[in-house]
Undergrad: 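I'd like to ask you about the structure that follows.
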Amino acid sequence: MQSVITARRCLALALALLGTLPPALATPQTVILYGDDDYAPYSYVESGVFKGMYIDILRQAADAMPGYRLELQPRPWKRGLDALEKGQVFGLFPPGRKAERSYVEPYSAMLHRESVVLFCHDAVMRTPRTHFPADFAGLTIGVNTGFLLSEKLMAPARQGLLRLEAAKGNEANLKKLALRRIDCYASDRGAARHTARQLQGELARYGFQLHEVLELSSEATYIAYSARNTPVYKADFIEKMNAALLAMRQNGELARIEGAYLH
């Protein structure tokens with residue numbers, strides 16, 4: 001009988017000790033975040049590997065969160081948004097804030113600020129063009145199919161001041177720009193520069209170099225957390241992830257990672 005009581009006391013003591021173990025010694029909580037699978041250089045799949053600027057940022061942030069094991073998985077963007085709305089996924093990166101996305105609650109601390117800029121062929125810029133859209137009247141501007149265009153582009157296009165012509169992706173539009181099939185190209189700055197570096201040899205054959213003319217708009221990006229997906233660790237994870245991202249911004253690590261991809 002005494003041995004049974006002793007065993008019970010030992011078990012109770014062991015359980016009590018386990019309950020007081022510091023978080024770093026406990027089994028980390030696995031958290032899955034999904035990201036755009038085709039958005040180079042920000043997040044994309046290459047040779048079966050999920051990589052990009054946002055991947056590096058989030059993995060480094062996770063290093064400062066010992067209570068969690070972060071798993072990043074690629075997903076086609078529209079499917080990711082649909083799953084976020086339905087609560088099938090915990091978090092998705094890197095959307096901007098959109099009023100119509102009431103299914104997001106909350107957004108994280110800012111990851112980065114993306115900018116849509118206008119690139120034009122040198123021949124077009126022989127005429128001084130500094131004011132948009134007045135100085136660009138009559139020109140054809142290439143855009144990516146499915147790309148959400150700002151009102152700054154859409155309004156003059158509706159008025160017939162300029163013409164928008166869509167093609168699938170940065171590569172197609174940069175080649176069209178090099179061949180003067182379009183006059184200018186509106187695209188995310190980082191994405192266009194990344195593709196131009198990949199096409200450097202081919203574009204050089206046309207005597208073409210990518211030149212930015214002006215910035216049309218900019219938008220901060222975030223991790224969007226689903227309002228309908230509420231695991232017990234949600235508030236704690238978000239608080240720790242935000243703290244890690246803010247620390248990286250303050251100590252210059254975010255700027256270092258951005259520089260490696262965008263400059």
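The analysis underlying the following values was restricted to heavy atoms, covering all of them including side chains, and did not include hydrogens, waters or symmetry mates.
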Undergrad: With a 4.5 Å heavy-atom cut-off, do Ile238 and Pro106 have their side chains touching?
TA: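 When only atoms from C-beta onward are counted, Pro106 and Ile238 do touch, with a gap below 4.5 Å.
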
Undergrad: Do you see a donor-acceptor pair shorter than 3.5 Å between the side chains of Ser187 and Asn170?
TA: yes

Undergrad: For the atom pair CE (Met53) and OH (Tyr39), what is the distance rounded to the nearest 0.5 Å?
TA: 8.5 Å

Undergrad: Regarding Glu165 and Lys176, does a basic nitrogen lie under 4.0 Å from an acidic carboxylate oxygen?
TA: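 Result for this pair is yes, salt bridge flagged.
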
Undergrad: Would you check if there is a donor-acceptor pair between the side chains of Asp188 and Tyr42 at a distance under 3.5 Å?
TA: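 Yes.
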
Undergrad: So if you build clusters from Ile, Leu, Val, Met, Phe, Trp, Tyr with side-chain heavy-atom gaps below 4.5 Å, do Ile182 and Met125 land together?
TA: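 No, because Ile182 and Met125 fall into different hydrophobic clusters, even though each may have its own neighbours under 4.5 Å.
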
Undergrad: For the pair Thr221 (side chain) and His112 (backbone), establish whether a donor and an acceptor sit closer than 3.5 Å, ignoring hydrogens and angles.
TA: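 Answer holds: yes.
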
Undergrad: Quick one: are Tyr54 and Asp36 in side-chain contact, heavy atoms under 4.5 Å?
TA: no

Undergrad: Aromatic rings Tyr233 and Phe237: how do their planes relate, parallel, tilted or perpendicular, breaks at 30° and 60°?
TA: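 The rings of Tyr233 and Phe237 stand perpendicular, inter-plane angle above 60°.
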
Undergrad: Do Leu70 and Leu72 touch side chain to side chain, with heavy atoms closer than 4.5 Å?
TA: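 Of all side-chain heavy-atom pairs linking Leu72 with Leu70, at least one is under 4.5 Å.
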
Undergrad: Is it true that, when you exclude Arg249 itself, more than 12 heavy atoms of the residues, nucleotides or ligands shown sit nearer than 6.0 Å to its CZ?
TA: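 Yes, enclosed.
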
Undergrad: State, yes or no, whether a side-chain contact exists between Val143 and Asn173 at a heavy-atom distance under 4.5 Å.
TA: no

Undergrad: Counting C-beta onward and ignoring hydrogens, is there a side-chain heavy-atom pair between Ser150 and Val116 closer than 4.5 Å?
TA: no

Undergrad: What I want to check is whether the side chains of Gln200 and Glu202 have a donor and an acceptor closer together than 3.5 Å.
TA: no

Undergrad: Quick check: is Phe90 connected to Met241 through a chain of hydrophobic side chains (ILVMFWY, heavy atoms under 4.5 Å apart)?
TA: yes

Undergrad: Under 4.0 Å between a side-chain nitrogen and a carboxylate oxygen: does that hold for Asp236 and Lys240?
TA: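 Salt bridge between Asp236 and Lys240, a charged N being under 4.0 Å from a carboxylate O: yes.
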
Undergrad: Only one of Arg113, Lys152, Arg189 forms a salt bridge (Lys or Arg N to Asp or Glu O under 4.0 Å) with Glu215, so which one is it?
TA: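 It is Arg189; the other options fail the test.
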
Undergrad: Just verifying a value: how many Å separate His211 NE2 and Leu118 CG, rounded to the nearest 0.5 Å?
TA: 13.5 Å

Undergrad: Which pair of non-hydrogen atoms, one from Lys234 and one from Ala227, has the smallest distance, and what is that distance?
TA: NZ-CA, 4.1 Å

Undergrad: Quick one: NE2 on His121 to CG on Asp183, what's the gap to the nearest 0.5 Å?
TA: 9.5 Å

Undergrad: Is Met110 linked to Met65 within one hydrophobic cluster, defined over Ile, Leu, Val, Met, Phe, Trp and Tyr using a side-chain heavy-atom separation of less than 4.5 Å?
TA: no

Undergrad: Which heavy-atom pair separates Ala178 from Leu203 by the least distance, and what is that distance?
TA: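 The answer is CB-CD2, 3.9 Å.
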
Undergrad: Ion pair present between Lys86 and Asp82, side-chain N to carboxylate O less than 4.0 angstrom?
TA: yes

Undergrad: Contact between Asn229 and Val89 at the side-chain level, heavy atoms closer than 4.5 Å - yes or no?
TA: no

Undergrad: To the nearest 0.5 Å, what is the distance between CZ (Phe136) and SG (Cys120)?
TA: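 If I round to the nearest 0.5 Å, the distance is 5.0 Å.
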
Undergrad: For Arg228 and Gly87, work out which heavy atoms get closest and say how close.
TA: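 Closest approach of Arg228 to Gly87, heavy atoms only: CB-CA, 3.8 Å.
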
Undergrad: Any side-chain heavy-atom pair from Leu262 and Arg193 closer than 4.5 angstrom?
TA: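 SC-SC contact between Leu262 and Arg193 ruled out.
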
Undergrad: Should Leu33 and Leu254 be regarded as members of a common hydrophobic cluster, given that ILVMFWY residues are connected when their side-chain heavy atoms come within less than 4.5 Å of each other, either directly or indirectly?
TA: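 Yes; Leu254 is reachable from Leu33 via cluster members.
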
Undergrad: Apply side chain to side chain contact (heavy atoms under 4.5 Å, CB included) to the pair Phe50 and Ser43, showing each step before the final yes or no.
TA: CA-CA 7 Å; Phe50 196 25; Ser43 59; 4.0 Å; yes

Undergrad: Please report the closest heavy-atom contact between Leu84 and Ala224, naming both atoms and the distance.
TA: CD1-O, 3.5 Å

Undergrad: I'd like to know whether Asp38 forms a side chain to side chain contact (heavy atoms under 4.5 Å, CB included) with Val45, so could you lay out the CA-CA distance, the side-chain angles of the two residues, the decisive distance to 0.1 Å, and finally the verdict.
TA: CA-CA 7 Å; Asp38 189 22; Val45 176; over 6 Å; no

Undergrad: With rounding to the nearest 0.5 angstrom, report the CZ to SG distance, Arg129 to Cys184.
TA: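 Reported to 0.5 Å precision, the distance equals 7.0 Å.
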
Undergrad: Over all heavy atoms of both residues, which pair between Ser108 and Tyr225 is shortest? Give the atoms and the distance, please.
TA: CB-CE1, 3.9 Å

Undergrad: Can you tell me how far CG of Asp135 sits from CG of Leu214, rounded to the nearest 0.5 angstrom?
TA: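 Between Leu214 CG and Asp135 CG, I get 9.5 Å after rounding to 0.5 Å.
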
Undergrad: Between Asp37 and Arg75, does the side chain to side chain contact (heavy atoms under 4.5 Å, CB included) criterion hold? Intermediate values first, please.
TA: CA-CA 5 Å; Asp37 68 350; Arg75 181 164 286 196; 5.8 Å; no

Undergrad: Any chance the side chains of Glu71 and Tyr34 put a donor and an acceptor closer than 3.5 Å?
TA: no

Undergrad: Determine whether Leu245 and Val31 fall in the same hydrophobic cluster, where Ile, Leu, Val, Met, Phe, Trp and Tyr are linked whenever their side-chain heavy atoms lie under 4.5 Å apart.
TA: yes

Undergrad: Using every non-hydrogen atom in the two residues, find where Tyr261 and Pro41 come nearest and quote the distance to one decimal.
TA: CD2-O, 3.7 Å

Undergrad: Hey, are the side chains of Arg97 and Tyr107 touching, using non-hydrogen atoms and a 4.5 Å cut-off?
TA: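 Side chain of Arg97 against side chain of Tyr107, heavy atoms only: contact under 4.5 Å found.
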
Undergrad: Evaluate Phe132 against Leu153 for side chain to side chain contact (heavy atoms under 4.5 Å, CB included), listing each step before the verdict.
TA: CA-CA 9 Å; Phe132 188 88; Leu153 268 176; 3.8 Å; yes

